[in-house]
Each structure stands twice: as C-alpha cells, then as structure tokens.
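Heavy-atom basis, side chains included; hydrogens, waters and symmetry copies ignored.
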Amino acid sequence: MTERIQNLLSLIRSGKHHIYRHKISYRPVEELARCNMPDEERSAERLREVLEAQEPIILPGQRILFLRTAENLPDIFTETEWEKIYKSNFIHEHSRVCNICPNYEKTIRRGLLAEKERCAQAKNGASPSEIRWLNCVEKSIDAILNFAERYRQKALELGMAEEAAILKRVPAYGASTFREALQFFRILHFTLWCEGEYQNTLGRFDQYMFPYLEKDLAAGRLNEEEAFELLEEFFLTFNLDNDLYPGIQQGDNGQSLMLGGVIPGSGGKDGFNLLSDMCLQASGELLVIDPKINLRVSSRTPLSVYEKGTRLTKAGLGFPQYSNDDVVIEGLVKKGYRREDAENYTVAACWEFIIPEYGMEIPNIGAVNFPELINRTISEHLEESRSYEEFYHFFTEALNHNCAEINDNIQSIYMVPAPFMSLLMADCIENRRDISFGNRYNNFGYHGVGISSAVDSLAVVKKCIFTEKSLTKQQALSIVRGDADSALLARLRYEEPKFGDGDAWVNDIAVTLCHDFAKATENLRNIRGGCVRAGTGSAMFYLWYAEHVGSMLSGHCKGEAFSANYAPELFVRNKGPLSVISSLTAPDFTEVANGGPLTMEFHSSVFRDEDGTEKVARLVYQFIRHGGLQLQLNSVNRKTLLEAQRDPDSYRNLIVRIWGWSAYFVELDREFQDHVIARQEFQV
Amino acid sequence: MEKGIIFDIKEFTVHDGDGIRTTVFLKGCPLRCLWCHNPEGLRTERQLMITRNGCLSCGKCLLPCSHPECQGLGRCLHACPRGLVKAVGEEVDATELASRLAEQAEFFESGVTVSGGEPTMQPAFLLELLDGLGSVDTAIETCGYTAPDIFRRAAEKVQMLYLDIKHMDSAVHQKLTGVPNEPIQRNLEMLMRGNIPYTVRVPLIPGLNDNAENLSRLAEKLSGSRLPPKVEFLPYNPFTEAKYQMAQMPFSLSHIDGNQYHPVIPEEPYRRYGVCWRIL
C-alpha cells in the first residue's frame with residue numbers, strides 16, 4: 001500500500017472527514033405538495049437540491065473526488081401524502097428503488113451529454129407525461145454536470161490541474177482512461193445515493209472496467225502498480241460516506257462487487273482477469289467493509305482462483321462470498337431468464353441473484369418462517385396424523401398457503417420514482433418509463449428462514465414419533481407449547497440427528513423441503529407479472545423471527561436465534577465441515593436459486609500457513625463441484641471477539657460477516673455480536 | 001470383521017497429510033507423554049469427558065439412572081441440560097468404518113489419516129481398516145512403539161507415515177513418556193532404509209526436549225535416510241490442560257506457558273545433514 005493510500009485510509013478510519021458534513025434545511029416538502037408536483041419531478045427536484053447543497057471538498061491526497069457533505073436527504077412526500085400512499089399500496093422497506101444493479105459502464109462510455117441527447121431523441125413521439133419524465137432525467141443530468149463543474153473549479157483553485165482536466169472530460173464526455181472511468185463511476189454511484197436509492201450494488205466490476213485498464217496498460221499510460229493504487233483509492237471511496245447509508249446495521253449497505261464468472265455468450269468461458277485478481281488483493285490489503293467482494297466460480301474454475309479467494313478469506317473480512325455459476329445460471333434459466341442474462345448475473349446487496357440493468361427484481365420481498373410453520377403444523381395436525389407422510393402433507397399445505405398469502409398481500413406496490421437510476425438501467429429511456437415501474441425482470445424472492453431448524457424438527461417427527469415411537473405426540477405438543485421438561489428438550493437437542501451430520505435420510509428431508517418450497521412458489525405470479533423465487537437466505541429474520549417462535553422438536557429453545565441464512569442450528573456441533581458440506585449441498589439449488597449462502601466459520605489458525613489456505617480452497621471447490629449454491633467463509637477467532645466485546649476501543653477495525661455483508665464488530669448491536677460468537681467454529 | 005475402539009473422527013484436519021483429510025483417532029496408547037494433548041486417547045476403556053465451561057452445577061448428571069450406556073461411568077450421559085457430559089470410546093467395526101470413510105473420501109476426493117492414541121495398539125483393526133480403505137489416500141501417525149512386524153505391515157499399506165520422535169536419549173525418553181525409545185528407533189531405522197514416504201514429527205516441549213543437542217542428534221540420525229528426510233516440529237499446545245480437566249485427569253505441565261513459546265531450531269545441523277524441516 002502506498003503512503004498516499006495509507007494516509008487516506010487512516011483519515012477515513014478516523015472519521016475526520018465528517019467535519020465537512022452539515023445537516024441541510026431543504027425546501028419544506030409541503031411546498032412540493034402544495035403545487036401538486038408529480039412524483040418523478042419531486043425526485044429530480046430533490047436530487048438537484050441535494051447536489052446543490054453539496055460542498056466540493058477535496059481531502060488531502062485524494063485523486064478520485066466527490067465526498068458527501070450534505071448529511072441528510074430531503075423528504076419527497078408529506079406525512080399526509082405518505083399515509084395515503086401506505087393505505088393503497090404495498091411498500092417495500094423504504095419505498096425507494098433499491099437492491100438492483102445499474103449498468104454504469106454504458107454511461108461511463110457515452111458521457112452524460114450523449115445520455116442527454118438519448119433522452120432528447122426519446123421524446124420523439126412521446127406523450128406529454130413521458131416527456132415530463134424524460135425532462136426529469138435531463139434535469140438530473142444537468143444537476144450532476146453543474147456539481148461536477150463546481151468540483152472542477154475547486155480542483156483548479158487548489159492547483160490540482162490533473163483532476164480538473166479529468167473533470168473537464170467526465171462526466172460530460174465518455175471516459176477514455178481507467179482513471180477517468182473510476183472517477184465517472186464515483187460520480188454516478190454518489191448520485192444514486194443522493195437521489196435516495198439504496199443498496200446500490202456495483203455488479204460485475206472486473207468485467208466492465210477491465211477494457212479501460214487493459215487499454216491503459218497496453219498504451220503504457222499506467223503500469224500495474226499505479227493501477228493498483230488507483231483501484232485502492234477507488235475502493236476507499238465506498239467507505240467515505242457509508243455510515244450515512246440506510247441499513248439494518250451499519251455495513252448493511254449493499255455495495256456488493258462481483259468478480260469472475262462466465263462471460264455471457266462465450267460458451268462458458270470464465271471471465272476472471274487481472275482486474276479480478278487486483279480487486280481481491282486490494283480488498284485484502286485495505287481491510288475495510290466496502291466494497292463487499294463476491295466471486296463467481298464453477299466446477300471448471302481452476303484451483304488457483306479458489307486459492308486467491310481463500311487468501312482473501314484469510315484476511316478475515318468474510319470476503320469473498322462464492323456463487324456457483326453451474327447452479328445459479330441453470331436456476332435462473334428455469335425461472336424464465338434468458339440465458340445470456342442469467343450468465344451475466346450478479347448479487348444484490350447480500351446474496352440474492354439479480355440481473356444487471358434488466359432486473360427490477362425485489363429478491364427480498366418476503367420471508368417464509370419455516371420454524372413457525374413446523375410448530376403450527378405440530379400444534380394443529382400432529383395428533384390426527386397417522387404417519388410421517390400425513391404429517392408432512394399438512395406441513396406442505398401450510399407452506400403453500402403461506403407462500404400464496406405473502407403474494408396476495410402484495411396487491412399494489414409503490415416505489416418512489418428514480419429518474420436518474422432509470423438512466424442507468426436498460427430500455428428505460430427508450431421505453432420512457434421509470435425503473436420504479438419495473439423492467440424486463442420483475443421477479444420477487446422469498447427468503448427461507450430457519451430451514452435447518454425445520455429439517456431437524458421433521459427428523460424428530462419421523463424418527464422419534466413415527467418410527468421409533470420414543471417420543472409421544474403429547475410430549476411433542478408439550479415442547480411446542482413450552483411446558484416440556486428440560487431433560488426432554490436437551491435429549492432432542494443433543495442426541496437426535498441433525499442436518500449437517502451427513503446422514504442421508506436427514507439430508508433427504510432437506511431435499512424434499514427445498515423442492516416443496518420451490519413448488520409452493522412455482523405457480524405464483526406477482527402483481528408485476530413476475531415469478532416468485534424461493535431461496536435459502538434469512539437476512540435479519542434469523543433474529544427477528546426467533547422472538548416469536550416457541551421451542552421446537554429440534555431442541556431449539558424459545559427465543560433462541562436461528563442460524564443465519566442456510567447453516568446448521570447454532571447449538572449443533574456437527575461432525576465437521578465435510579459432513580456439513582455433504583449435507584447442505586444435497587438439495588437441488590437450481591430450484592431454490594433466489595440466493596442464500598451456507599455460512600461456515602473457520603478458526604483463524606486454519607489459515608496460518610499455505611497448507612491450510614490450499615486445503616480451504618479445495619474444500620470450496622468441492623462445495624461447488626457438489627452443487628452448493630453459495631458459500632461464505634469466515635476466518636474468526638472467538639477469543640478475539642470476546643476481547644473486542646470487553647474492550648471495543650482496541651478493536652475498532654475488527655471486521656466480521658453478518659448475514660450477507662460485513663461490518664465492524666464493535667459497531668454492531670449486542671445481539672448481532674453474540675450471534676457471531678455463538679456460531680460453530682471449525683478448528684484445525 | 002475386526003472391532004476397534006476409537007475416540008474421535010475429525011474432519012478437515014489441516015496438518016495430517018495431503019489435500020482434504022479426515023483423521024480417525026484410535027483409543028489406547030503405550031506411551032504416557034507428559035504433554036499428551038489427547039489424554040482421552042491414552043486408555044482403551046470408554047471414559048467420561050465433561051465440558052466444564054457452561055456447566056450449571058445443577059447436579060442432574062449425578063443422579064442415578066438406568067441407561068445401560070451410563071453404567072460404570074458415574075454420571076448420566078443424558079441428563080445435562082447443556083449437553084456437556086459425554087463418553088468417549090466407541091466400538092466400531094473396521095470394515096464398516098472403512099466403508100463410511102471411503103464414501104466420504106470419494107465425495108471430497110480426500111484422504112484418511114489414522115492417528116490416536118496409538119493406532120498400532122489395535123493392529124488387527126488398523127490393518128483391516130487400511131485394507132478396507134482400498135484406493136483412498138491414507139496415512140498413519142504413530143509413536144512407533146510397536147513390534148517391527150506390525151509397524152512394517154501398517155507402513156506398507158499407507159501413502160505417508162508420520163512417526164513421532166519425542167527424544168533421542170532413551171533414558172530421558174523413559175522419563176518423559178514412560179517407555180524407552182529403542183523400539184521406536186528400530187522402526188525409524190526401518191523407515192530410513194526403505195521406500196515408504198515418511199515424515200518425522202517432534203513435539204517441542206519447552207525445557208523438556210527442545211534443546212539443541214537433542215534436535216541435532218535427530219538431524220544426524222536422519223542423515224542416513226534413503227528417502228530425503230523431513231521433520232515437522234509441533235510447538236507445545238497451550239490448550240492441552242483443558243482436555244485433562246474434561247477427562248478428569250491430572251496434568252503435570254501446568255507450569256508451562258505455551259502462549260509465549262518461540263522454539264529455536266538448530267538450523268546448522270539440519271542444513272549439514274540435508275534434513276528439511278518446518279514448524280507447524
């Protein structure tokens with residue numbers, strides 16, 4: 001790391017740049033309401049106001065500019081207006097466009113003046129309302145150009161001729177060098193946050209940015225060291241303002257970057273390149289939480305790529321998260337995606353698969369609470385069930401009903417228009433339609449929460465109640481009601497088979513459950529005509545749902561957290577990582593491909609030498625070879641985590657993986673910290 | 001259909017051979033090394049392992065029970081609300097175990113290492129287990145204190161043999177491990193004359209066997225090896241004592257602080273005798 005990057009990193013970690021931030025008093029939202037300003041105009045007007053309120057600040061040593069100084073964003077609607085919107089619509093999270101992946105590169109290549117021209121052309125034959133919307137896009141472009149010009153002036157004032165010259169070209173004109181492209185990207189991404197979108201993902205950065213780098217290297221304009229320094233600074237830009245971005249916890253901001261994977265239409269050729277490698281190295285050297293590194297691999301990816309990924313795992317950030325091209329692409333094609341689009345997949349904020357520029361998917365719109373469904377089925381139908389099959393049939397009925405119910409509750413969805421985001425999404429300008437209304441893919445995704453707890457409970461129903469008859473129905477009911485004696489619960493908890501132990505018959509329960517989850521969503525069509533995708537992720541529901549589910553036949557105690565995403569229960573100590581992998585790869589993930597990784601923690605000593613790194617790389621490869629969907633590996637040290645809880649000041653930079661993102665451990669709420677500490681840690 | 005006693009099967013052992021590996025630990029050992037970090041592997045009988053951390057001291061495990069598997073242990077294995085009371089020492093059939101391990105090895109393209117305790121303490125079981133593993137990449141980790149014939153037959157069945165050498169001086173060896181080292185040295189010499197790939201492993205115990213003279217004597221000895229000799233040093237495991245508490249066994253090296261231990265290897269003799277070494 002160069003001294004300049006080291007200094008910038010220290011400055012960002014210290015938070016000293018926050019002194020430039022101000023709370024802004026924007027024009028009262030009532031004024032917009034009084035003149036009945038249409039929604040899209042409000043978005044454009046508010047973006048203009050935000051950019052105007054920004055002060056051009058250049059930090060010492062910065063070469064890639066743009067820093068957020070306006071701390072807050074203005075309201076779009078008054079409270080009364082919101083009430084009205086809420087009454088007649090389903091609102092997802094913050095009502096903003098989020099969790100999608102724009103095509104930054106097209107705009108970076110064309111430049112904003114050309115994009116404005118594209119808008120002007122789209123007005124030919126457009127209706128008045130369409131023209132009004134296109135005007136909003138143009139207004140957003142003008143606001144950015146004005147703001148960039150103010151930055152250029154500032155650079156000139158400070159004698160930064162090179163930076164000023166770059167800002168003379170971008171964003172008005174297309175980028176011609178790697179550095180210009182990175183600066184342009186920063187401007188676009190910065191603007192998305194200012195418009196109010198969130199979980200703004202980065203997509204397949206190494207694929208679309210590599211041509212710029214390659215050209216510069218070939219022309220001798222840059223050498224690899226200089227390019228690496230620029231890349232590291234670029235990565236740091238994602239950490240300048242990330243404490244201002246909305247999320248469940250700080251760090252949950254969706255700045256996900258995807259590396260490697262099949263090149264669309266290439267017949268399966270892998271796209272891992274020099275820039276992919278540099279990104280892995282930069283992330284491992286900077287040790288900051290953004291951008292979040294994802295790596296696409298397949299059974300054909302060479303072991304050397306897995307080893308490079310593992311070296312980053314060793315750094316302890318919980319990166320990279322692996323996605324399996326063999327499974328994801330087929331899974332998406334099964335759900336109706338065009339193959340070339342499926343091949344170009346990336347991840348949303350955490351791990352849900354989305355399609356850059358064409359997808360307006362909402363992959364986290366609902367979550368199936370599997371533990372609750374199991375317990376409800378036990379309460380309502382166990383007594384009348386004469387066999388496991390009958391019991392399981394009642395469970396699938398409940399599952400089908402639950403999936404349909406989630407879909408039924410989304411009758412009309414409203415999102416605040418996002419004219420600027422629309423500029424970066426395919427076909428919006430040509431179709432003169434805001435991205436908030438949808439795009440080529442409008443599919444919704446359901447998380448599957450507590451799958452292991454459900455599988456373990458079903459295993460007890462099958463083995464103990466119906467096969468061995470070692471547990472009576474009355475005892476089972478007493479557990480679910482919460483009045484069972486603790487010895488019985490302990491027996492089920494510690495002595496009965498668990499998912500993750502490699503037992504074929506328990507794995508079969510998981511296979512069937514995942515298949516039936518897929519079937520339960522198969523025929524559902526959402527309000528936008530899209531399909532529903534079942535998945536194995538949990539997001540924050542592993543904690544939220546835990547509060548409302550009673551004790552379970554798995555031995556899970558009331559109130560106890562479920563495992564995050566797709567992993568064995570927290571209290572289970574499985575036979576080892578091989579058994580976990582052989583069990584958890586058993587389901588057919590092409591059917592449940594919404595996303596949701598297996599998360600495994602390895603003690604940091606596993607990575608102590610190259611042997612360990614090579615072996616972990618082989619293990620990841622085996623996971624992929626056997627059809628695993630997604631994998632997060634963490635290098636953790638429980639002792640360090642406990643010390644960090646006791647003495648947070650000494651561990652400000654300690655990073656851990658949460659459910660689909662990484663965060664500074666000491667900045668998490670205690671319940672999230674405790675969950676990380678409680679996870680099963682595999683040692684040497 | 002040989003039966004044997006094992007006390008653990010550990011998946012993904014990083015330092016027990018090439019590639020992904022699973023290690024089977026056979027119960028029972030003829031040595032009583034003061035530092036042994038698997039005290040539950042010393043005796044062949046089934047025994048209790050109680051995790052103290054998290055114990056509620058509720059006393060439920062002390063109440064009499066009628067479970068056949070708990071008889072003779074003095075505790076009930078099923079009463080602990082935290083699942084902290086366990087018995088180690090499972091009788092398994094060699095062929096059945098081999099088939100289970102082979103299945104996993106095929107799945108993961110991985111290998112199997114047999115360790116202990118001392119694997120050669122159950123020779124018939126060990127040989128049948130290795131035979132049952134067929135084409136799977138196998139290794140054994142042994143203290144070498146066994147009859148030459150058993151040692152040779154086991155060694156011929158594996159792709160790698162790890163031989164622990166605790167001390168080069170037999171009298172000191174006797175003091176530290178309870179047995180003299182001549183049988184071990186004889187088996188080492190057999191390896192040195194042969195073609196079976198092997199690695200010598202030396203636990204480094206501060207003040208007991210890590211002196212330059214002892215380590216140099218090993219290098220000198222290995223200089224006569226037909227295959228290029230390799231030594232792996234295993235620095236004292238600072239967490240050893242915890243397992244003695246779990247097994248309710250006395251531990252005599254409590255005074256050693258392994259956390260601050262930085263072993264020094266006499267590099268010159270290793271270079272001179274062409275012995276490769278590394279610290280794990």
Minimum-distance pair of heavy atoms, taken over all atoms of Leu280(B) and Arg608(A):
C-NH2, 3.7 Å
CD (Glu103(B)) with more than 12 external heavy atoms under 6.0 Å:
no
What's the shortest heavy-atom distance between Phe12(B) and Val606(A), and which atoms?
CE2-CG1, 4.1 Å
Contacting moiety of Asp8(B), where chain A heavy atoms sit under 4.5 Å:
neither
I'd like to verify something: which residue of Arg491(A), Arg493(A), Lys615(A) has the highest number of heavy-atom pairs under 4.5 Å with chain B?
Lys615(A)
Is it true that, when you exclude His626(A) itself, more than 12 heavy atoms of the residues, nucleotides or ligands shown sit nearer than 6.0 Å to its NE2?
yes
Side-chain ion pair, Asp611(A) and Arg278(B), N-O less than 4.0 Å:
yes
Are any non-hydrogen side-chain atoms of Thr585(A) and Phe107(B) less than 4.5 angstrom apart?
yes
What are the two closest non-hydrogen atoms of Pro81(B) and Ala490(A), and how far apart are they?
CA-CB, 3.9 Å
Sort Tyr621(A) into side chain, backbone, both or neither according to what part of it lies under 4.5 angstrom from a heavy atom of chain B.
side chain
Count the heavy atoms belonging to other residues, nucleotides or ligands that lie under 6.0 Å from CZ of Arg75(B), then report whether that count exceeds 12.
yes
Determine whether Phe108(B) and Ile581(A) make a side-chain contact, defined as any pair of heavy atoms from C-beta on separated by less than 4.5 Å.
yes
What I'd like to find out is whether the side chain of Ile9(B) reaches to under 4.5 Å of the side chain of Lys575(A), using heavy atoms alone.
no
For the atom pair CZ (Arg618(A)) and OG (Ser110(B)), what is the distance rounded to the nearest 0.5 Å?
10.5 Å
Just wondering, do Lys60(B) and Ser486(A) contact through their side chains at under 4.5 Å, heavy atoms?
yes
Should Arg625(A) and Glu109(B) count as side-chain neighbours, where that means a heavy-atom distance under 4.5 Å?
yes
Rounded distance [0.5 Å steps], OG1 in Thr13(B) versus CG in Leu578(A)
8.5 Å
Check whether more than 12 heavy atoms from other residues, nucleotides or ligands sit under 6.0 Å from atom CD of Glu495(A), and answer yes or no.
yes
Give a yes or no on this: more than 12 heavy atoms of other residues, nucleotides or ligands lie within 6.0 Å of atom NZ of Lys230(B).
no
Side chain proximity check, Cys80(B) to Tyr494(A), heavy atoms < 4.5 angstrom
no
Check whether the side chains of Glu11(B) and Ser579(A) place a donor and an acceptor atom closer than 3.5 Å, and report yes or no.
yes
Distance-minimising heavy-atom pair for Ile20(B) and Gln622(A)
CD1-CG, 3.8 Å
